[in-house]
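To keep things clear, I will list the structure first and then write my remarks on it.
Proteins come first, then strands; the chains are lettered A, B, ... in the order of their sequence lines, and each starts at number 1. What you are looking at is a predicted structure, and each value in this text was computed from that prediction instead of being measured.
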Amino acid sequence: MSLRTFLSRWRWRLFGAGVAALAVGVAIGCIWPIATGRTDPPFMQKLHMQSSLGDTRRSGAAKWAPAEMREAEAAVKAALAAYRLQEVQLLPFRDFRGVRSAIDTAETRVQRALGAGNQNRIEARTNADEALAAAESDTSRSSGVADAMHLGPYNRTLLQKSKIALAEARSMYDRGDFVECAARAGEAAVGSRTVSGSAVEAAARFADASLVARWRRMVNETAAWSRATGGAAVVVLKENHRVDLYDNGHVIRSYNADMGYRSVNDKTRSGDAATPEGRYRVTAKKPGSTYYKALALDYPNAEDRAEFDRLRRSGRIPRGASMGGLIEIHGNGGRGKDWTKGCVALRNSDMDDLFRRTSVGTPVTIVGGDGQGVFARLVREHAAAPAGGTQ
Amino acid sequence: MRKMMAVLPLVFVFVLMAGCAKPPQDAINSATAALDSAKAEASEYASSSLQAAEDARAALEAELKAQQDKFALFRSYKKTDELVADLKAKSEKAAADAAAGKAQAQTDATTAINDATTALTDAKAKLEKAPKGKGTAADLEAMKADLTAAESTLAEANSSMTAGKYKDAKAKAEAAKCRPTTSSARSTPRWKRRRVTDDSPHVALERFRGTATRPCPFFLHRRAPTRLSPRAWIKGPESLTFFGT
């Protein structure tokens, strides 16, 4: 049988066989990818990735690790696009192997963003905690300073602004803005430290050993005079807020006293609200004073006048300034703070006692303190405290 | 055979139409523009709604890319239409949420600033009326300085408000209401402070100091003797609580 005959007889059978083989080939080609799992969509992986992304977003990673989060978002987007690309293919043509790999990559980046975000947030929070603690410590110390001495308008405003900044920082902390919180707390701390620094500078003379020694000498001389004459003498220790009454060289009474509200300074002129320092005498006893009873002092004495002239000549006090006067030891005190314009105020009961025990001519020595009072302590504490606030 | 020949053109037209399926570009542009316009405010006031809209846009972009990568005759944009509608709805929601959030923040900030302004004005008025004299000079000076600080912070709050930073404005206004520095009373043993029987103003003040260890309601201070120092006269001696408590 020739080939032509064979083909003419078997052509339909051969065609059928060819079609069958093709069908089998196509069937195998279609079934193979399905059988090997290439067409199975990684649905659960996708859900897990999306869930992880949601968790990461909720953790605030976009704020705390923006670069990592951008990478993660881009990777997830790419994975979802690849997923959808395969999803729309005809079943046998789908191949999710690349998608699985993309999802794995995205998952890794999401986890990295989550980790970096958490770490940065914790670091920022720790910084904010430290900054807040330092600011609170500094502000508290400045408030202590404000309690110990009257601050001038500038420093008082600065202290109040520091407190406001601290309150704002706390509000930022509650909002989760740790970086801004740390910055604001830092401003509060700087302001508070400036206030403390200024106050300590003003109070520095109370820790000056030579000056304290001079004050002690003045007190000892007053006590010696009392011992020598057997008379009464009064010693006022400004920073100790104390008035000691000497009799026959011994302290027989001590009274708490309020001073001028700027007593951190020595009195130099009228209106400076400072209690003068020096040796004075009682010039008059006033049983009916505006402030209960009063012992008038001979301020300004010759030494005060000479000092005033010297300061005015050197330009340290204004030309138009005048010498103060009318310095007294009077009643209506005991307020627990310095409030007078330079006088020494005692409780009325103490004033009664002092009034009875003193007379015109009684020496009154007013000194800064004994180096153990509130101002000297302030200077020592400030020197002992480390920079940065926390003690 | 004739019937088949008649159907063929119809099939050809159908295939041609299907092959020419195009994405709903106008709708996509409109939805995307809606999202873009909502973005600026939503990022601050409606972040979760914005995130949902961003996700919807990502899904839409994935769908568009998937369809574009398909053989032209097999492209279908039915799902795209759904995704566009979803994006548009979510963008509009983000815009609405942002507007609501912004309005709320603005209201909160305005209220806080108004409260602080009222308190400040009130405090200044009381300070003007406060008794002036030897015993009150230090307190008055301190209070004026405190008010200056509060005024300055309030001015900052108003600036933030003008700049549209409502959260900052609110925080500043609330901080401006924080209690100013306490009085500069030295620490005296409490028993000493309470052993006073005099009725003079400073004694009344001291009596207050011995008892008022924490901020008292305003009405309690109102019952205090009227000859107190300005600090006590305004709110109480221990704390200058002219801004709330």
Is there a side-chain hydrogen bond (donor to acceptor under 3.5 Å, both in side chains) between B:T148 and A:T157? Walk through the geometry before answering.
CA-CA 6 Å; B:T148 305; A:T157 305; 4.7 Å; no

Non-hydrogen atoms of chain A under 4.5 Å away: do they reach the side chain of B:E156, the backbone, both or neither?
side chain

Side chain, backbone, both or neither: which part of A:L158 has a heavy atom under 4.5 Å from chain B?
neither

Less than 4.5 Å to any heavy atom of chain A: does that hold for the side chain of B:K172, its backbone, both, or neither?
both

Note: vs chain B, highest number of non-hydrogen pairs under 4.5 angstrom among A:Q86, A:M172, A:Q89, A:K161 is A:K161

Go through the atoms of A:R262 and report whether side chain, backbone, both or neither lie under 4.5 Å from a heavy atom of chain B.
side chain

Cut-off 3.5 Å, side chains only: do A:S162 and A:T139 have a donor facing an acceptor?
no

What residue in B:E61, B:E141, B:K65, B:K144 has the most heavy-atom pairs under 4.5 Å with chain A?
B:E141

Between B:K167 and chain A, with a heavy-atom cut-off of 4.5 Å, which part of the residue counts as in contact: side chain, backbone, both or neither?
both

Which bit of B:Q68 comes within less than 4.5 Å of chain A, counting heavy atoms only: side chain, backbone, both or neither?
neither

Report, in residue-number order, which members of residues 45-54 of chain B are under 4.5 Å from chain A by heavy-atom distance.
B:Q51

Checking side-chain polar atoms at under 3.5 Å, does B:D139 have a donor or acceptor matched by the opposite partner on A:Y261?
no

Between A:R58 and A:D55, does at least one N-O distance fall below 4.0 Å, as a salt bridge requires?
yes

Sequence-distant partners of A:A169, side-chain contact (heavy atoms from CB on, under 4.5 Å), two or more places apart:
A:L132, A:C181, A:R184, A:A185

Do other residues, nucleotides or ligands put more than 12 heavy atoms under 6.0 Å from B:K70 NZ?
yes

Check the orientation of A:W339 and A:H330. Use parallel for under 30°, tilted for 30 to 60°, and perpendicular for over 60°.
tilted

Any chance NZ of A:K63 has more than 12 other-residue heavy atoms, nucleotides or ligands included, within less than 6.0 Å?
yes

State which residues pass ring pair (Phe, Tyr, Trp, His ring centres under 6.0 Å) with B:Y77; sequence neighbours excluded, sorted by chain then number.
none

Those residues at least two apart in sequence (or on a different chain) that pass ring pair (Phe, Tyr, Trp, His ring centres under 6.0 Å) with A:F96 are A:Y83

Is A:R57 in contact with chain B via its backbone, its side chain, both, or neither, using a 4.5 Å heavy-atom distance?
side chain

